[in-house]
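Sharing a structure below in C-alpha cells format, with a few things to ask.
Owing to the predicted nature of the structure, the values given are computational and were not obtained by experimental measurement. Letters A, B, ... mirror the listed sequences (proteins, then strands); counts begin at 1.
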Amino acid sequence: MDLPADLNPEQRAAVVHRGGPLLVLAGAGSGKTRVIVHRIAHLVEAGAPPWSILAVTFTNKAAGEMRDRVERLLGPAARDVWVSTFHSAGAQILRREAEAVGLTREFTIYDEDDQLSLAKRILREANREADSASARDFLAAVDRAKNGVADHDRTGDLPELAERYRRSLRAANAVDFGDLLALPVELFQKRPDVLARWRRRIDHVLVDEFQDTNLVQFKLLELLAPPGTDLCVVGDDDQSIYRWRGADISHILGFERDYEGAAVVKLERNYRSDGNILAAAQGVIEKNEHRHGKRLWTERGPGEKLHLLWAQDERDEADRIAAGLAELHEGGLPYGEMAVFYRINAQSRVLEEAMRIARIPYVIVRGRSFYERAEIKDAVAYLRLMVNPRSDVDLLRIVNSPPRGLGETTIERLSRHASFANLCLYDALAPQEVLRIEGLNAGARARLGKLRVLLDELCELAHTASAGTAAEAAIVRTGLLGRWEAAQEPEAVERAENLRELVGAAGEMDARFERDRSEGARPEGLPAFLGPSEAVPAADGVPPEPGSDLDETPEGGALLRFLEEIALLGEADGNTPADRVSLMTLHAAKGLEFDAVAIAGMEDGILPHSRALGFGASPEEMAEERRLCYVGFTRARHHLMVSCARARALFGDLRFNAPSRFLADVPAELFDRPLPEREESPWKRERAASGVHVDYSYDQSYRAPRSFGGGRRYPPRGRRTMELEVAPTVAPVGATGMTVRHAVFGVGRVVAADGDGPDAKLTVRFPSVGDKRIVARFVTPV
DNA sequence: TGAGCGTCAATTAGC
DNA sequence: TTGACGCTCA
C-alpha cells in the first residue's frame with residue numbers, strides 16, 4: 001500500500017480518502033489523472049475487488065489512458081476494473097438488459113447522420129419541413145427532452161413526433177447516442193430489481209471531468225452511486241466549456257449540497273506552466289462569479305512574458321504566429337511541442353496557409369474522419385444489417401449503393417408498402433411482399449428480390465464468420481469495392497484503399513477477440529457482449545467471481561464488438577508520431593499541453609464570441625467564453641503567444657474588432673508590450689461624420705442574431721474596399737536601413753539583405769537581442 | 001444519376 | 001468567403 005513519495009499532500013488526501021463522497025477540484029495541470037489512477041490502485045491494494053470499481057470518463061482517449069496507467073500500476077488485475085466512457089457504459093448496460101427495454105442484444109447504435117436521416121423521414125411522413133435544419137432542430141428538441149430539459153415547444157406536436165421517432169428507432173432495433181444513457185436511467189428507475197443487481201456489483205465509482213456532466217449522466221451516477229456509496233468525482237469548474245451541449249456546471253458547484261458530508265480536496269499546485277502564464281490565466285478566470293475558487297501556484301519561476309501580437313489582419317496574424325513558431329523551432333523546440341488554438345474553425349484556413357508558406361509542418365487536430373467517409377459508412381451499413389437487418393436507416397443507405405437500378409420511385413414504393421404493412425424494409429423485401437408492392441415493373445421487382453438474396457447471404461455469414469470475413473464480404477460481394485476498383489481516378493483508388501483498411505481493422509478485432517478469449521480476460525473493462533444478463537451480478541448478494549460472466553456467445557461476437565467500437569470510438573487516437581504543430585479549436589485543446597501555445601483571434605467578437613456579446617446573450621455564456629480562454633492559457637508550459645488583428649475578414653465581412661476584453665484582465669506587466677488601443681472602426685468614423693446615427697453595442701460589423709429580427713448587416717455591402725486600407729501581408733522588405741517588426745524580437749533595423757522578395761535573408765539588428773538572420777516574410781515594415 | 005448552379009447560413013463537438 | 005443543400009437539366 002505504498003504511495004509514491006512525490007504525491008503532494010492534497011493528492012495524497014484525495015487518494016486515501018475513504019468513507020464518503022469526495023469532490024476533487026483539480027486545477028489545470030495539477031496531476032488529476034495521477035490521482036484517479038492512484039486512487040484506483042490504492043483501493044485494490046486495500047482489498048477492493050477490481051471488478052467492483054467503475055471509473056467513468058467522457059472520451060475514449062481519456063478512458064484508454066486511464067486504463068493503461070492503472071494497468072501499469074496494478075498489472076493484470078487492472079483488467080477487471082471497469083474503465084469506460086459514459087456512453088460505452090450505457091451501451092454495455094443496455095446490451096445486458098436489452099430485452100427489458102424492448103431491444104435485442106444486437107441493437108444498432110445510430111450516429112448523428114443516422115439520426116438525421118431517420119428524423120427527416122419522420123418529418124416527411126408527417127408532412128412537415130424535412131430539410132436538414134428542421135431535422136436538426138427536431139433532434140435537438142428530442143435530445144433536450146431526453147435530458148429532462150423542459151421545452152416550451154412552439155410546434156405543439158413535438159411530443160407526438162418524438163414518440164414516432166422513438167418508435168421507429170425501436171422498430172429498427174436501434175438506439176441513438178442519447179438513448180445509451182437515457183434508457184439505462186429509465187430502466188433503473190422503473191426496475192429497482194435490475195438496478196439492485198448492478199448496484200451490488202459496483203462499490204466504488206470515480207468520475208473524471210465531472211464539470212462536464214449533463215443531467216442524464218448525473219442521474220445515472222445518482223442511481224449507481226447514491227449518497228452513501230463511495231463516489232469520487234474529479235473536475236474543474238473553471239474548465240467547464242460544454243454548457244452548449246448540455247453540461248451543467250451546477251453539478252460540480254452544488255456537489256456538496258447534493259452529497260451531504262462530501263469531502264472536498266483542492267489540487268492547486270500546478271506542475272505544468274511557468275508563473276507568468278499561471279498569473280495571466282488567474283487574472284482572466286477570477287473575474288468569473290460562480291466558482292469554487294482556486295488559485296493555482298507553482299514552484300517554477302515566472303518564465304517568459306506573454307508575447308502579444310498585434311496584427312493588421314488575419315493573414316498578417318497568421319504570418320506572425322508562423323514566424324514566432326519558426327523562431328522557437330530555430331531555438332531548438334520541436335514543432336510537436338507547439339500548438340495554435342482558435343475559437344472557430346473558420347479561422348483555421350488562414351493559419352494553415354501561413355504554415356504552408358512558412359514551410360512549417362502542421363496537423364489539424366479534429367475528431368474522427370475515417371469512419372465518416374461515405375464508402376466506409378456504406379460498408380459499415382452492410383455490416384450493421386448483417387447483424388441487425390431491421391435497421392431501416394442502414395438499408396436505405398445501401399439500397400442503391402453501389403448503384404443497382406433502384407431509383408427514388410422504387411424505393412418510395414417499397415417504403416410505402418413497408419409502412420403500410422407495418423414491416424421493416426428488410427421484411428418488405430421478402431419475395432411474397434415484393435409481389436404485393438404496387439406500381440412496380442418486373443425489372444424493379446427482380447432487382448429488389450436480388451437485393452434481398454444478397455442480404456440474406458450476408459446475414460448468414462454474420463452468424464458464422466469472423467469480423468474480418470464479414471467485412472470482406474460486405475465490400476466484395478456487395479460490389480462496393482469493385483465499384484471503386486474499376487475506376488482510375490485517384491479518389492477512387494483512395495476509396496478502395498479505405499475499404500480494404502476497414503477489412504484490416506476488422507481482422508485486428510478478430511485477433512484481439514481471440515486473445516481475450518484465450519486468456520479468459522475481460523476485454524477492456526466489463527465484457528460487453530458476453531453472457532446472459534443474469535450472469536453479471538450474482539443474484540444473492542455474493543460478489544460475482546471475476547470471469548464468472550464469461551460464458552460466451554460464439555456467433556458474431558467479434559463482429560458485434562467491432563461495430564460497437566466503430567459506433568463509439570472516434571479516430572484511432574494516440575499516434576501522433578510526426579513532429580508537427582497542432583492546429584485546433586480551443587475546445588479540442590482541453591486536456592492537452594504544449595511547450596508553446598499561440599492563440600489566434602483574441603478579439604471581442606471572436607473570443608469572447610459575438611454570440612456571447614449580443615443582445616440576448618446570458619452572462620453564463622460570457623462566463624463560459626472566459627473559461628475557454630482560461631483553458632487555452634493553461635495549456636502552455638513555457639511560451640504563450642496571444643494575438644489580435646486590427647481588421648479581420650470573416651464570413652465575407654470585414655470587421656474591426658477590439659482586442660479581447662479578457663486581455664485587459666491580464667496584469668499588463670505580464671505582456672512583452674502594451675495592449676493596443678481599442679480603435680474606432682473606419683465605418684463608424686465615416687458614418688458618424690456623415691451625420692448618420694451610429695450606435696453599435698461594440699465596435700465591429702455586427703450581425704444581429706437571427707431571432708432578434710432580420711440580421712441587419714453592418715456595414716452595408718460594398719464597403720469591402722476597406723480591405724485596401726490593410727497593409728500587405730507579405731512585406732516588401734529587402735532594403736537595408738529599413739525598420740521592421742518581428743513577432744518575437746520586436747522592432748529592428750535591416751543591416752544587410754541577401755536576395756529580395758519574401759524569401760530574402762535579412763540581417764536585422766534588434767536593440768534587445770542584437771543581430772539576427774531572418775527570412776523576410778517573417779517581418780513586417782514599420 | 002450526376003454535374004452545375006443558385007441560395008442560404010455561419011460557434012464550439014464528444015459518444 | 002466557404003460549404004452544404006436542393007433543384008434543374010441532360
Side-chain angles (χ1 to χ4, degrees), chain A residues 56-63 84-92 109-112 114-116 120 129-136 140 143 175-182 209 212-214 216-217 240-247 314-315 341-350 353 365-369 371-372 400-409 564-571 573 584-591 601 605-614 617 621 624-625 627-629 631-632 648-655 703 705-706 711 713 717 720 723:
Chain A
V56 217
T57 66
F58 276 83
T59 64
N60 288 294
K61 199 175 162 211
S84 169
T85 64
F86 270 105
H87 290 268
S88 164
Q92 294 184 30
I109 299 170
Y110 279 1
D111 70 10
E112 260 106 303
D114 304 323
Q115 287 184 59
L116 215 50
K120 281 183 188 171
E129 288 263 354
D131 58 311
S132 298
S134 316
R136 250 179 262 275
D143 208 55
V175 300
D176 62 20
F177 280 129
D179 289 335
L180 288 177
L181 299 167
E209 306 279 14
D212 288 337
T213 46
N214 66 20
V216 184
Q217 289 156 344
S240 165
I241 55 174
Y242 286 109
R243 196 179 91 100
W244 50 274
R245 67 176 199 211
E314 77 284 354
R315 296 177 56 181
F341 304 152
Y342 36 84
R343 177 66 240 266
I344 55 175
N345 287 117
Q347 288 173 264
S348 72
R349 208 194 80 245
V350 182
E353 275 166 19
V365 177
R366 51 171 132 54
R368 48 193 295 158
S369 57
Y371 289 107
E372 274 163 9
N400 200 34
S401 178
R404 47 174 72 94
L406 293 173
E408 207 178 316
T409 35
E564 178 146 321
E565 189 170 290
I566 290 174
L568 296 180
L569 213 68
E571 194 74 354
D573 38 30
M584 68 189 89
T585 63
L586 282 159
H587 284 90
K590 199 174 75 160
I606 305 286
L607 180 68
H609 191 270
S610 49
R611 286 277 247 264
L613 290 165
E621 269 178 274
E624 183 142 317
E625 295 292 309
R627 294 191 289 265
L628 200 49
C629 178
V631 166
R648 179 178 297 274
L650 193 64
F651 300 142
D653 289 323
L654 189 67
R655 305 175 175 198
R703 215 186 283 207
R706 264 206 307 163
R713 205 180 276 258
R717 291 199 167 280
R720 295 171 195 221
E723 216 159 345

* What nucleotide, of B:dT12, B:dT11, B:dG14, holds the atom closest to the side chain of A:Arg245? ->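 Nearest listed nucleotide: B:dG14.
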* To do: Identify, between A:Ile241 and A:Phe86, the residue whose nearest nucleotide on DNA chain B lies closer to the 5' end.
  =>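 Counting from the 5' end, the first nearest nucleotide belongs to A:Ile241.
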* To do: Take atom CD of A:Gln347 and atom P of B:dA10, then tell me their distance rounded to the nearest Å.
  =>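 After rounding, the gap between these two atoms is 18 Å.
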* A:Arg136, nearest nucleotide to its side chain (from C:dC5, B:dA13, B:dC15) ->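 Nearest to the side chain of A:Arg136 among the choices is C:dC5.
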* **Whether A:His87 stacks on the six-membered ring of B:dC15 base, 5.5 Å and 30° limits** => no
* Looking only at side-chain N and O atoms, does A:Asn345 come under 4.0 Å of OP1 or OP2 in B:dT12? ->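 Result: yes.
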* Asked: Please give, in whole Å, the distance from B:dA10 C1' to A:Arg655 CZ?
  -> 9 Å
* Check every strand shown and say whether A:Glu625 touches a base, only sugar-phosphate, or nothing at a heavy-atom separation below 4.0 Å. => base
* To do: Would you tell me if any nitrogen or oxygen in the side chain of A:Arg611 comes within less than 4.0 Å of OP1 or OP2 on B:dT11?
  => yes
* Asked: Can you tell me if the side-chain N/O atoms of A:Ser610 get under 4.0 Å from OP1 or OP2 in B:dT11?
  ->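 It does not, given that no N or O in the side chain of A:Ser610 lies less than 4.0 Å from OP1 or OP2 of B:dT11.
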* Asked: Any idea which of B:dT12, C:dT1, B:dC15 is nearest the A:Trp244 side chain?
  -> B:dT12
* **Closest listed nucleotide, where the reference is the side chain of A:Thr585 and the choices are B:dA13, B:dT11, B:dC15** =>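 Comparing B:dA13, B:dT11, B:dC15 against the side chain of A:Thr585, the answer is B:dA13.
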* Nearest to the side chain of A:Thr59 - C:dT2, B:dG14, B:dT12? -> B:dG14
* **Side chain of A:Arg343 - closest among B:dT11, B:dC15, C:dC5** => B:dT11
* To do: State whether the distance check finds a donor on one side and an acceptor on the other, under 3.5 Å, for side chain A:Glu564 versus base B:dC15.
  =>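 Between B:dC15 and A:Glu564, which were checked side chain against base, a qualifying N/O pair under 3.5 Å is absent.
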Please produce a list of atom pairs where a protein N or O lies less than 3.5 Å from an N or O of nucleotides 1-7 of chain B.
residue: B:dT1; atom: OP1; partner: A:Asn400; partner atom: ND2; Å: 2.2

* **N or O in side chain of A:Asn60 less than 4.0 angstrom from B:dG14 OP1/OP2** => no
* Sugar-phosphate, base or nothing in reach of A:Glu624, heavy atoms under 4.0 Å ->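 Nothing: the residue A:Glu624, judged by heavy atoms under 4.0 Å, touches no strand.
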* Asked: Is there side-chain contact between A:Thr85 and A:Phe58, with at least one heavy-atom pair below 4.5 Å?
  ->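 No, too far: nothing below the 4.5 Å cut-off.
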* Asked: For A:Tyr110, which residues count as a ring pair (Phe, Tyr, Trp, His ring centres under 6.0 Å) partner, sequence neighbours excluded?
  ->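 With sequence neighbours excluded, A:Tyr110 shows a ring pair (Phe, Tyr, Trp, His ring centres under 6.0 Å) to no residue whatsoever.
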